[in-house]
Amino acid sequence: FTGVESPTIVTTLTTPNASRKADDYFAQGFLEVGVGLNYELRVILASSWDEGTQRLTLTLNAALEKTIVGDQVQLIPGCDGTAATCISKFDNYLNYFAFLFVPIQNPTISSTQNDVASGGKK
């Protein structure tokens with residue numbers, strides 16, 4: 001998809017603590033808007049807050065099909081799956097179930113090499 005840009009929404013939030021969110025705070029999260037047949041869900045690829053204009057810019061994985069002017073939206077912050085984010089962003093380390101110390105190479109699996117000779121398979 002060369003040359004295709006992700007859709008971007010620039011919005012003014014009514015959330016009192018929106019200005020405290022760092023850039024990409026909502027990245028890998030979700031935007032929800034509407035109800036019933038008008039419900040839409042999009043993945044947030046990037047986010048940035050402009051303190052001067054009090055506006056939040058969201059880059060979404062796909063354009064919204066409905067107009068959201070005046071609609072209430074829910075922004076769900078994203079998680080990169082790290083313990084540090086679980087602690088600092090969500091204060092939820094007790095429920096963190098990822099594997100912290102998985103080695104890059106599995107020591108129980110030995111490496112193998114397949115050689116192909118004369119067009120045959122081994």
Side-chain angles (χ1 to χ4, degrees):
F1 297 110
T2 304
V4 176
E5 293 184 23
S6 298
T8 301
I9 291 178
V10 178
T11 184
T12 303
L13 299 180
T14 57
T15 307
N17 62 354
S19 62
R20 293 185 225 141
K21 306 304 182 203
D23 284 351
D24 286 332
Y25 179 83
F26 294 104
Q28 299 179 40
F30 299 95
L31 176 139
E32 294 180 347
V33 62
V35 293
L37 296 176
N38 292 325
Y39 175 80
E40 293 189 63
L41 175 72
R42 296 293 182 268
V43 175
I44 301 170
L45 302 176
S47 66
S48 63
W49 175 257
D50 185 333
E51 190 68 41
T53 63
Q54 297 289 299
R55 291 183 177 249
L56 178 68
T57 300
L58 303 172
T59 303
L60 307 177
N61 67 324
L64 292 167
E65 294 178 17
K66 310 283 187 221
T67 302
I68 62 170
V69 175
D71 288 351
Q72 186 172 9
V73 300
Q74 181 173 1
L75 299 175
I76 301 164
C79 181
D80 61 7
T82 64
T85 297
C86 195
I87 293 167
S88 66
K89 193 174 193 178
F90 299 104
D91 191 25
N92 194 25
Y93 189 68
L94 291 176
N95 294 315
Y96 181 73
F97 293 115
F99 299 99
L100 292 175
F101 304 107
V102 176
I104 293 172
Q105 291 183 333
N106 189 335
T108 63
I109 300 175
S110 62
S111 63
T112 60
Q113 180 177 348
N114 290 330
D115 293 323
V116 177
S118 302
K121 294 183 180 179
K122 289 188 176 187

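All residue numbers in this chain count up from 1 along the given sequence. All of these numbers come straight from a predicted model, not from anything done at the bench.
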Once you round to the nearest 0.5 Å, how far does [atom1] of [X] lie from [atom2] of [Y]?
| X | Y | atom1 | atom2 | value |
| --- | --- | --- | --- | --- |
| F26 | L75 | CZ | CG | 5.0 Å |
| L56 | L31 | CG | CG | 9.5 Å |
| L45 | L60 | CG | CG | 7.0 Å |
| N38 | L64 | CG | CG | 12.0 Å |

Requested in this report: Report the residues that fulfil side-chain contact (heavy atoms from CB on, under 4.5 Å) with L41, sequence neighbours left out, ordered by chain and then residue number.
Outcome: F30, E32, Y39

Requested in this report: Not counting sequence neighbours, which residues clear side-chain hydrogen bond (donor to acceptor under 3.5 Å, both in side chains) with N95? List them please.
Outcome: N92

Acceptor/donor pairs from residues 77-85 side chains to any protein atom, 3.5 angstrom cut, sequence neighbours excluded:
{"residue": "D80", "atom": "OD1", "partner": "T82", "partner atom": "N", "Å": "3.1"}
{"residue": "D80", "atom": "OD1", "partner": "T82", "partner atom": "OG1", "Å": "2.9"}
{"residue": "D80", "atom": "OD1", "partner": "T85", "partner atom": "OG1", "Å": "2.8"}
{"residue": "D80", "atom": "OD2", "partner": "T85", "partner atom": "OG1", "Å": "3.2"}
{"residue": "T82", "atom": "OG1", "partner": "T85", "partner atom": "N", "Å": "3.2"}
{"residue": "T82", "atom": "OG1", "partner": "T85", "partner atom": "OG1", "Å": "3.0"}

Query raised in the report: Where is the tightest heavy-atom contact between A46 and A27, given as atom of each residue plus distance?
Result: CA-CB, 4.1 Å

Requested in this report: Grab the two heavy atoms, one from L58 and one from S47, that are nearest each other, plus how far apart they are.
Outcome: CD2-CB, 3.7 Å

Query raised in the report: Any donor-acceptor pair under 3.5 Å linking the side chain of D23 with the backbone of W49?
Result: yes

